[in-house]
2 protein chains.
Amino acid sequence: MTEEFMIGELAKRTDCKVQTIRYYEQIGVMPPAVRAHNNRRMYRKSHIERLMFIRHSRALGFALDDIRDLLALSDQPDHTCAEVDKIAKNNLENIQKKIKVLSIMEKEMQRMIFQCHGEKVSECLIITALADHAIAEKIKMTASEKHDATSNNQMR
Amino acid sequence: MTEEFMIGELAKRTDCKVQTIRYYEQIGVMPPAVRAHNNRRMYRKSHIERLMFIRHSRALGFALDDIRDLLALSDQPDHTCAEVDKIAKNNLENIQKKIKVLSIMEKEMQRMIFQCHGEKVSECLIITALADHAIAEKIKMTASEKHDATSNNQMR
DNA sequence: CTTGCTCCTACAGTCACTATAGCATGTATA
DNA sequence: TATACATGCTATAGTGACTGTAGGAGCAAG
């Protein structure tokens, strides 16, 4: 008597778009769904839990690649949680780097906006500041290091 | 006797990749370059300035669409700088929103990492927290609102 | 029997680049 | 002069995490 439902229902219960669920299946973070006779994906409770795990992890900034690893680890209860710890700490570091970069941007933007009281573009200190040098340098210093994939989080 | 140089030189002087310059030309934030007899793009000082403007703006989080507008405005010295101000303030708001979201992520991640002292995945509080509800909600509250394009800034 | 809803696949678009393939041109060295 | 290497060109695909669309099938209610 285990309750079964289709993708639209799963989407509703997890507050996740239907397309996103199909995408998760495609890239292998959700398991391939069992199909009904009419080719429709059928789900049960366990799928809600897995999808929730994914959505929570995404909301905390984890990349889907990391989430795949976290899910694999969570299926091995006797494994050390050292790797989980490592992934989590790495995510925290990424978040903190982004905050640093954004804080510099914020200050610089506030300074620029505060300074400008011109009325014409020719007197606009925002424009002059952007044309000027030396601002970008600070950010480059802080940002640099490898390309970061997680910067791309849009939560609707 | 105005000095002319090719794209590689412009790239060096602005610390910007050759491909990126060609991309900027393609999408119209850099003007179409004058070509030499051998079809190579030729630049002068003014191009350095324009490209610097673009790079500084990017470093401050402006989207290329906004930069296009800022450049257009900066070419009209008699125009009000109200629009510049608006674009800048909007950018600042976006930055601040991102900082808010990331700060919540940071706190939550710190709490999770701090709490977990398990040795096995089965006891791992990071995994349990991710499986659990209610975390993502806070972030959703703060984040929501329209899709934001600027989250995607990788500065090498 | 039509309307409307959900489901399916497959593919294009987003943003700001980055990388690659395959070719032409230009300069420096053997 | 031959060769190697650097740089330039175009065109196209890939990145991450989705979102949107086209075009079709299935199913229940009116």
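On a predicted model such as this, the values are computed, not experimentally measured, just so you know.
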Do any side-chain nitrogens or oxygens of [X] fall under 4.0 Å of OP1 or OP2 in [N]?
| X | N | value |
| --- | --- | --- |
| Arg40(B) | dT25(C) | no |
| Lys17(B) | dA19(C) | yes |
| Arg58(B) | dC17(C) | yes |
| Thr20(A) | dA17(D) | no |
| Arg22(A) | dT9(C) | no |
| Arg41(B) | dC9(D) | yes |
| Arg68(B) | dC15(C) | no |
| Arg55(A) | dA17(D) | no |
| Asn38(B) | dG26(C) | yes |

Rounded to whole angstrom units, what separation is found between the [atom1] atom of [X] and the [atom2] atom of [N]?
| X | N | atom1 | atom2 | result |
| --- | --- | --- | --- | --- |
| Met42(B) | dG8(D) | CE | C1' | 11 Å |
| Asp65(A) | dG14(D) | CG | C1' | 14 Å |
| Tyr23(B) | dT14(C) | OH | C1' | 10 Å |
| Ile21(A) | dC18(D) | CD1 | C1' | 13 Å |
| Glu4(A) | dC7(C) | CD | P | 14 Å |
| Gln19(A) | dT6(C) | CD | P | 13 Å |
| Leu51(B) | dA16(C) | CG | P | 15 Å |
| Phe62(B) | dC17(C) | CZ | P | 14 Å |

Query raised in the report: NA contact type, Ile7(B), heavy-atom cut-off 4.0 Å: base, sugar-phosphate, or nothing?
Result: sugar-phosphate
Report summary line: By nearest-heavy-atom nucleotide on DNA chain D, the more 5' of Glu9(B) and Gln26(B) is Glu9(B)
Requested in this report: For Tyr24(A) and for His37(A), locate the closest nucleotide of DNA chain D by heavy-atom distance; then report the residue assigned to the nucleotide nearer the 5' terminus.
Outcome: Tyr24(A)
Query raised in the report: Hey, is CD on Glu119(B) packed in by over 12 heavy atoms from elsewhere, all under 6.0 Å?
Result: no
Report summary line: When every non-hydrogen atom of Met52(B) is compared with those of Arg13(B), the smallest separation belongs to CE-O, 4.0 Å
Report task. For Leu60(A) and Asn91(A), work out which heavy atoms get closest and say how close. Result -> O-ND2, 3.0 Å
Of all the nucleotides listed ([options]), which has the minimum atom distance to the side chain of [X]?
| X | options | value |
| --- | --- | --- |
| Asn39(B) | dC9(D), dT9(C), dA16(C) | dC9(D) |
| Met6(B) | dC17(C), dA17(D), dG8(D) | dG8(D) |
| Val18(A) | dC7(C), dC9(D), dG8(D) | dC7(C) |

Query raised in the report: For Ile87(B), does its backbone N or O pair with a side-chain atom of Asp66(B) as donor and acceptor, under 3.5 Å?
Result: no
Query raised in the report: Side chains of Arg55(A) and Tyr24(A): do they bring a donor and an acceptor to under 3.5 Å?
Result: yes
Requested in this report: Compare all side-chain heavy atoms of Glu3(A) with those of Lys45(A) and state whether any distance is below 4.5 angstrom.
Outcome: no
